[in-house]
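Note: hydrogens, waters and symmetry copies are ignored here, and every other heavy atom, side chains too, is used. Letters go in sequence order (proteins before strands), and every chain restarts at 1.
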Number of protein chains: 2
Amino acid sequence: MVITVRGDTELVARAYPLFASVKDDFVCAARDLTTWAQPEAREAVIRRLSGGGPPPFRVRKLLSPAALADEDARRHLWEVVAQGAEVRISASPLPHETIVLDRSFAILAEVAPPFGGPREYTVTDTPSVVGGVRMLIEAAWKAATELDAYLRSDMPQLDADGQAVLRMLGGGHTDESAARQLGLSLRTYRRRVADLMALLESGSRFQAGMRAGELGLTG
Amino acid sequence: MVITVRGDTELVARAYPLFASVKDDFVCAARDLTTWAQPEAREAVIRRLSGGGPPPFRVRKLLSPAALADEDARRHLWEVVAQGAEVRISASPLPHETIVLDRSFAILAEVAPPFGGPREYTVTDTPSVVGGVRMLIEAAWKAATELDAYLRSDMPQLDADGQAVLRMLGGGHTDESAARQLGLSLRTYRRRVADLMALLESGSRFQAGMRAGELGLTG
DNA sequence: AAAGCGGTGGCAAGAAGCTGCCATACACTG
DNA sequence: CAGTGTATGGCAGCTTCTTGCCACCGCTTT
């Protein structure tokens, strides 16, 4: 069974019974929480969680760092967590929304259009698809960071410049070659390196590299 | 379009033209390389890679550590890499085989039965499915480890000296202070550092630090 | 004993990296 | 427009690192 629907309204109409039927596992991967702004669908899950006590099934949300962009989003996430859901942040952008219900159904969405036009969803119970998607979400989940750990770790997030510098440093280039490749003057490149080292609270390049490696900052 | 086939033979019959049509990206996630033992399908890709020169498109394989179990498998992997494919190892088990061709098609398999009976494959070009699966593979890919880094990570255990040097470097000391604390001459200390860098195949201290950090060598 | 070998340490020249100072450029503000 | 703040790039001098060369020591082999 594979069905394709356009727009959230139609999806809700089709998928509502599925949401209501979740027995032990609800997992979703998405860029942020702006989708599902229509409360109907989420309610089906939320309501079953808010009965107090431990949630009757496991709810997991895998999100990209973009989900933490504004204050509202963070507050919302904390509510979700307070209701018993697990939230992790993945380093990947996760532009497509993906949902797996138990081991029974998968819902895959197209990339959300910038101004919230209707998008296409595919709902399926094909075992190989559900299994494959579930497996991939598990893999991404395993590698992602718990929300509180993510927020607690003062993980220096690097802008594009910082990442480029990091890439050069990690590539073993001399400052001169790196600066040339980045189109910067030697002086400026070294300033960037110094900034990076300050960010990593390091007193030597080796130490900075070690920190970067430990933090998984591959650039 | 969503089709379901049973058994590798039928899959090959159906999917061969797809494999032959790959333009710029072939990515697959699987537990190991025992699947596709039937050479027909792989050949379609392999042959197009072995023409010498840079591969005409990107080939990526995301595998679980089980793929490195025996010597044959490792040798095979090195061949694949030599032919221009990228191979990464994920910490997750990846029981379902999953393949994405360009941004056009996705192939998802059921879990391989223990003794190689026929299994069910789903082939689709539905954009939301292909996009979603691709996104998830990208996420898992990003979090996985490069094959050579993974194999190198059984790093030759550093002896006490090496660990001490690493501790000094990681502590941000200058060579002079480090050598003094270790009771070594400056010359010898620097020799040790050079040895360590050679071991880490690094061309700069930063790079060495990064490798050390990635490999979790805290000294 | 003599020769060979691996590890050590001193020395020095050169490369690489670090940083203060200054001049310039551009955006923003009053 | 003048003033302020921020980012850039050149320059210079300093520190740190890198490496080759040589001498020495202790050990084993011949």
Side-chain angles (χ1 to χ4, degrees), chain A residues 65-66 69-71 154-219, chain B residues 148-149 152 154-219:
Chain A
D70 61 63
E71 192 50 46
D154 43 355
M155 265 271 283
Q157 50 214 17
L158 303 177
D159 54 8
D161 272 3
Q163 293 186 4
V165 171
L166 192 59
R167 207 160 30 243
M168 289 297 129
L169 286 168
H173 302 86
T174 65
D175 289 5
E176 188 169 319
S177 131
R180 205 167 344 104
Q181 290 182 55
L182 296 181
L184 295 173
S185 78
L186 193 59
R187 185 67 186 86
T188 302
Y189 176 78
R190 285 181 171 156
R191 251 196 267 267
R192 297 289 163 77
V193 174
D195 292 346
L196 189 62
M197 285 175 52
L199 197 64
L200 295 169
E201 299 171 55
S202 303
S204 73
R205 289 203 177 194
F206 185 95
Q207 194 178 23
M210 199 151 150
R211 287 264 165 78
E214 284 168 357
L215 295 173
L217 301 174
T218 57
Chain B
D148 62 347
R152 232 201 337 266
D154 49 351
M155 268 277 296
Q157 307 284 20
L158 300 178
D159 53 11
D161 273 1
Q163 293 187 5
V165 171
L166 193 59
R167 204 160 32 245
M168 288 297 127
L169 286 168
H173 301 85
T174 66
D175 291 4
E176 187 169 329
S177 130
R180 205 166 344 104
Q181 290 182 55
L182 297 180
L184 295 173
S185 78
L186 193 58
R187 185 69 185 85
T188 301
Y189 175 78
R190 287 180 169 158
R191 252 196 265 269
R192 298 288 164 76
V193 174
D195 293 346
L196 189 61
M197 285 176 51
L199 198 65
L200 295 168
E201 297 172 56
S202 302
S204 72
R205 290 201 178 194
F206 185 95
Q207 194 178 23
M210 200 153 148
R211 285 265 166 80
E214 283 170 357
L215 296 173
L217 300 172
T218 55

- Task: Would you mind reporting whether A/Val165 and A/Asp195 have side-chain heavy atoms less than 4.5 Å apart?
- Result: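 Answer no - side chains too far apart.
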Short N/O separations, protein against nucleotides 23-27 of chain C, under 3.5 angstrom:
none

Kindly compute the distance separating [atom1] ([X]) from [atom2] ([Y]), expressed to the nearest 0.5 Å.
X	Y	atom1	atom2	result
A/His173	B/Ser204	NE2	OG	10.0 Å
B/Met197	A/Phe206	CE	CZ	9.0 Å
A/Arg192	A/Met168	CZ	CE	13.0 Å
B/Gln207	B/Leu200	CD	CG	9.0 Å
B/Leu166	B/Leu199	CG	CG	10.5 Å
A/Leu169	A/Tyr189	CG	OH	4.0 Å

Would you list the protein and nucleotides 24-26 of chain D atom pairs, both N or O, that sit under 3.5 Å from each other?
none

- Item | DNA chain C-proximal residues of residues 184-194 of chain B, any heavy atom under 4.0 Å |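 Hits under 4.0 Å, by residue number: B/Ser185, B/Arg187, B/Thr188, B/Arg191, B/Arg192.
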- Item | Any residue of residues 174-182 of chain B with a heavy atom less than 4.0 Å from an atom of DNA chain C |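 DNA chain C contact set from residues 174-182 of chain B: none.
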Quick one: [X] [atom1] to [N] [atom2], roughly how many Å, whole number?
X	N	atom1	atom2	result
B/Leu196	D/dT18	CG	C1'	15 Å
A/Met197	C/dT19	CE	C1'	12 Å
B/Gln207	D/dC17	CD	P	18 Å

- Task: List the atom of A/Ser202, the atom of A/Ala208, and the distance in Å for their closest heavy-atom pair.
- Result: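 Nearest heavy atoms, A/Ser202 then A/Ala208: OG-CA, 3.2 Å.
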- Query: Can you name the nearest heavy-atom pair linking A/Leu182 to A/Ala164, along with the distance?
  - Reply: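 Answer, listing the atom of A/Leu182 first, then A/Ala164: CD2-CB, 3.9 Å.
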- Query: Please, which pairs that meet salt bridge (Lys or Arg N to Asp or Glu O under 4.0 Å) have at least one residue in residues 168-187 of chain B, sequence neighbours excluded?
  - Reply: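 For residues 168-187 of chain B, and leaving out neighbouring residues, the salt bridge (Lys or Arg N to Asp or Glu O under 4.0 Å) pairs sorted by first residue read B/Asp175-B/Arg190, B/Asp175-B/Arg205.
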- Can you name the side chain to side chain donor-acceptor pair (under 3.5 Å) partners of B/Thr188, sequence neighbours left out?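 Result, side chain to side chain donor-acceptor pair (under 3.5 Å) vs B/Thr188: B/Ser185.
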